[in-house]
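Side chains are part of it too, since the values below use all heavy atoms of this structure and drop only hydrogens, waters and symmetry mates. On a predicted model such as this, the values are computed, not experimentally measured, just so you know. Note on naming: letters A, B, ... go to the chains in the order of the sequence lines (proteins, then strands), and numbering restarts at 1 for each one.
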Amino acid sequence: MSLLPLLTQDVLAAAPSLLGWHLVRDGLRARIVEVEAYRASDDPACHAFLRTAMKNMAMFGPPGKAYVYFTYGCHWMLNVVAHGQGDAAAILIRAAEPIQGSELFRERRPKARRDRDLLSGPGKLAAAFAIDASDNGVDLLDLQSKPGLLRLESPDIPAPRIVAGTRIGIALGKGHDYPWRFADADRLVWVSRPLTF
DNA sequence: GTCCGGATTACCT
DNA sequence: GGTAATCCGGACT
């Protein structure tokens, strides 16, 4: 099963199809359960809307690469680049269910009291996987990738049922009401926050 | 459940 | 030099 054809469609089609895929690094593995779509062409919340800069370059590049940036003085965010010809867009990975490596996740997330707190938010997930600027631009679909690099692997379960809701942290007038947040309807216990519509 | 302080980056003037 | 940023965790009710 290949992810690239899915990520070379429009991001609104690509984002839900990323649910169920595994995020992997060395002995760490987690199932993606919550994502958000951001698109340059008509989405004021997208970093690439009406402006290009060093920071958002990756979103204009080939689908399947990582777009990683830092925000709020303390959190890294992991996105997967996904768009058709002539657009720039990315999928923010917001939450995942731990499958393997919980001990290291816990070490990196000492304040997490339950398993549900390990990866239930984009900042938490980045901390648990030790994601930072060095992961920006990495090809997440490269099957030959070196040890230590972040990558995506095929799901081990059938494609999930999907629920959509509005995105988190979007200011009024910036597309706060777009239903561009997608989650695995059967694994809502792992998401960062309840879905709202 | 709600509120609020934290603290870094890169872009802007 | 100012500020906004795809948020988290601790403190409280």
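One can place CG of A:Leu50 at 18 Å from P of C:dA4, the figure rounded to the nearest angstrom. The separation between A:Asn79 atom CG and C:dC7 atom C1' is 14 Å, rounded to whole Å. For the pair A:Arg114 CZ and C:dC8 P, the computed distance is 14 Å after rounding to whole Å. The distance between atom CG of A:Leu172 and atom P of C:dA5, rounded to the nearest whole Å, is 13 Å. Rounded to whole Å, the distance from CZ on A:Arg108 to P on C:dC8 is 17 Å. In this structure, the CH2 atom of A:Trp76 is 16 Å from the C1' atom of C:dC8, given to the nearest Å. Regarding A:Tyr69, its OH atom lies at a distance of 11 Å from the P atom of C:dA5, rounded to whole Å. One atom, CZ of A:Arg167, and another, C1' of C:dA5, lie 15 Å apart when rounded to the nearest Å.
Inspection of the A:Ser120 and A:Ser192 side chains reveals no N or O donor paired with an N or O acceptor under 3.5 Å. Residues A:Asp10 and A:His83 bring no donor and acceptor atom of their side chains to less than 3.5 Å of each other.
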Worked verdict on A:Trp21 versus A:Arg31 for side-chain contact (heavy atoms from CB on, under 4.5 Å): CA-CA 6 Å; A:Trp21 283 75; A:Arg31 179 181 294 116; over 6 Å; no
Pair A:Val80-A:Leu7, side-chain contact (heavy atoms from CB on, under 4.5 Å): steps then yes or no: CA-CA 9 Å; A:Val80 181; A:Leu7 298 183; 3.8 Å; yes
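Residue A:Leu92 is classed as a base contact, given a heavy-atom separation below 4.0 Å to a base. At the heavy-atom level, A:Ala45 lies under 4.0 Å from base atoms of the strands shown.
Between A:Asp132 atom CG and A:Leu78 atom CG the span is 11.5 Å, to the nearest 0.5 Å.
For A:Trp180, the ring pair (Phe, Tyr, Trp, His ring centres under 6.0 Å) criterion is met by A:Tyr178, not counting sequence neighbours. Partners of A:Phe129 according to the ring pair (Phe, Tyr, Trp, His ring centres under 6.0 Å) rule, which considers only residues two or more places apart in sequence or in another chain, are A:Phe105. Partners of A:Arg25 according to the side-chain hydrogen bond (donor to acceptor under 3.5 Å, both in side chains) rule, which considers only residues two or more places apart in sequence or in another chain, are A:Asp135.
At a threshold of 4.0 Å, the pair A:Asp142-A:Lys65 does not count as salt-bridged, since none of the basic side-chain nitrogens sits closer than that to a carboxylate oxygen. Ion pairing between A:Arg29 and A:Glu153 holds under the 4.0 Å rule for side-chain N and carboxylate O.
Think of the region where chain A sits on DNA chain B: with heavy atoms and a 4.0 Å cut, that region ends 5' and 3' at B:dG6 to B:dC11.
Between A:Arg94 and C:dC7 there is a side-chain polar atom (N or O) within less than 4.0 angstrom of OP1 or OP2.
Between A:Arg167 and the choices A:Thr196, A:Asp43, A:Asp177, the side-chain hydrogen bond (donor to acceptor under 3.5 Å, both in side chains) rule is met once, by A:Asp43. The residue from A:Val35, A:Ile168, A:Val191 that alone fulfils the side-chain contact (heavy atoms from CB on, under 4.5 Å) condition with A:Arg94 is A:Ile168.
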Protein-nucleotides 9-13 of chain C N/O pairs closer than 3.5 Å?
residue: C:dG9; atom: OP1; partner: A:Arg109; partner atom: NH1; Å: 2.3
residue: C:dG9; atom: OP1; partner: A:Arg109; partner atom: NH2; Å: 3.1
residue: C:dG9; atom: OP2; partner: A:Arg109; partner atom: NH2; Å: 3.4
residue: C:dG10; atom: OP1; partner: A:Lys111; partner atom: NZ; Å: 3.1

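With a cut-off of 3.5 Å on both pairing distances, the Watson-Crick and G-U wobble pairs of DNA chain B assemble into stems of 3 or more at B:1-6 with C:7-12, B:8-12 with C:1-5.
Take the nearest nucleotide of DNA chain C for A:Ser192 and for A:Ala171: the residue whose nucleotide is more 5' is A:Ala171.
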